[in-house]
Number of protein chains: 2
Amino acid sequence: MSTRGRYGLRAIIDMAIHQEQGPVSLREIASRQNLSENYLEHLVASLRRGNLLNSVRGPMGGYYLARNPDSITLGEIIRILEGPIAPVECSLSQEEKCASPEDCFVHRLWQNLSREVNEIFDKRTLGDLLEDAHSYKNIEGCFKFLDKEDVEKK
Amino acid sequence: MSTRGRYGLRAIIDMAIHQEQGPVSLREIASRQNLSENYLEHLVASLRRGNLLNSVRGPMGGYYLARNPDSITLGEIIRILEGPIAPVECSLSQEEKCASPEDCFVHRLWQNLSREVNEIFDKRTLGDLLEDAHSYKNIEGCFKFLDKEDVEKK
DNA sequence: GATAAAACCTATCAAAATAGTAGGGATAGA
DNA sequence: TCTATCCCTACTATTTTGATAGGTTTTATC
């Protein structure tokens with residue numbers, strides 16, 4: 001899991017929490033999450049193109065969730081940010097990528113692992129995460145230092 | 001999953017299948033699996049240092065499994081070859097890496113994901129894989145082209 | 001003992017992926 | 001018109017990956 005997935009997830013959660021007061025701007029997110037606004041732009045652009053976010057341009061503009069948090073899975077978010085969640089490429093499709101998928105038990109192994117790992121990510125919705133987040137008194141606080149780099153910076 | 005995990009797994013399965021006739025040399029494996037002998041050396045060295053393989057030096061030497069296949073899990077193999085199976089680093093330990101693990105729900109999310117994914121890998125043993133392999137008529141054949149690169153070469 | 005087959009070790013290197021930076025549009029509220 | 005914001009593209013530095021190369025040590029066999 002690279003910074004794309006980690007920062008991007010923080011961004012979308014941050015957005016979900018703050019979007020009641022209207023679209024959330026990149027500047028706000030970058031400031032709250034202590035991330036580079038320029039870099040964040042790339043990640044949020046992916047989320048928008050992946051149809052998870054809508055945007056409003058101009059002053060007072062920003063981003064907001066395109067769908068209900070309960071209909072957005074963690075798997076969807078991560079796949080958009082990081083690409084397919086799969087151990088190896090040849091397990092991705094039934095196409096003519098692998099020489100003989102059905103004759104290859106290691107291939108089938110990768111396919112099964114891939115399916116199971118995706119299930120783990122897909123059974124969690126953004127709604128679940130938000131619910132979990134709200135059980136904390138200080139939601140902002142629990143965002144401050146999610147990553148090793150942040151701790152080192154500090 | 002990089003080539004380390006993929007090639008390394010092929011190597012250890014190949015070894016397990018052929019070790020009845022004595023230690024299996026790198027040359028044999030490299031030839032059967034169509035891999036670079038030099039590169040394979042690195043991977044097998046990791047497996048040996050990880051105490052999954054023993055070696056015999058000199059002519060007729062080679063490698064063999066240090067333990068019973070049923071006691072070696074896929075998770076163990078992959079962790080040795082690829083490093084910890086975890087979405088993000090801060091979910092690895094209870095140590096003072098993250099600022100406040102217990103106050104951070106995203107941190108807990110990573111921990112839970114990490115645990116569940118490791119379970120998927122750990123519930124499969126090398127013994128299981130071998131059993132699966134032997135259900136194929138042509139075990140050698142199903143090894144030939146496991147990876148995208150191999151198919152492209154072909 | 002000499003030869004050779006093998007494990008073992010270290011350094012180096014090219015290519016790819018990652019993590020960002022920079023700078024300039026386009027849009028729209030004030 | 002001004003400016004805050006999204007939007008887009010190009011560039012770059014660093015790190016990781018995937019090797020390659022060349023040597024040393026061990027040991028069975030002749």
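The sequence lines fix the lettering, A, B, ..., with proteins before strands; numbering per chain opens at 1.
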Is the shortest side-chain N/O distance from [X] to OP1 or OP2 of [N] below 4.0 Å?
X       : N      : answer
B:Arg49 : C:dC9  : yes
A:Ser2  : C:dA19 : yes
B:Ser36 : D:dG18 : no

With respect to the side chain of [X], which nucleotide from [options] is positioned closest?
X       : options                : answer
A:His42 : C:dT21, D:dT20, D:dC6  : C:dT21
B:Tyr39 : D:dT20, C:dC8, C:dT27  : D:dT20
A:Glu41 : D:dA28, C:dA7, D:dC8   : D:dC8
A:Arg57 : D:dT20, D:dA28, C:dT27 : C:dT27
B:Pro59 : C:dA7, D:dC8, D:dA28   : D:dA28

Enclosure of B:Arg115 CZ (heavy-atom neighbours >12, cutoff 6.0 Å)
yes
Go nucleotide by nucleotide along DNA chain D from the 5' end; which of A:Gly58 and A:Ala45 gets its closest nucleotide reached first?
A:Gly58
Base, sugar-phosphate, or nothing: which does B:Val56 touch, judged by heavy atoms less than 4.0 Å apart?
sugar-phosphate
Scan B:Arg27 against the nucleic acid and name what it touches under 4.0 Å (heavy atoms): base, sugar-phosphate only, or nothing.
nothing
In a check of side-chain contact (heavy atoms from CB on, under 4.5 Å) between B:Leu126 and each of B:Leu52, B:Leu65, B:Leu74, B:Asp70, which one passes?
B:Leu65
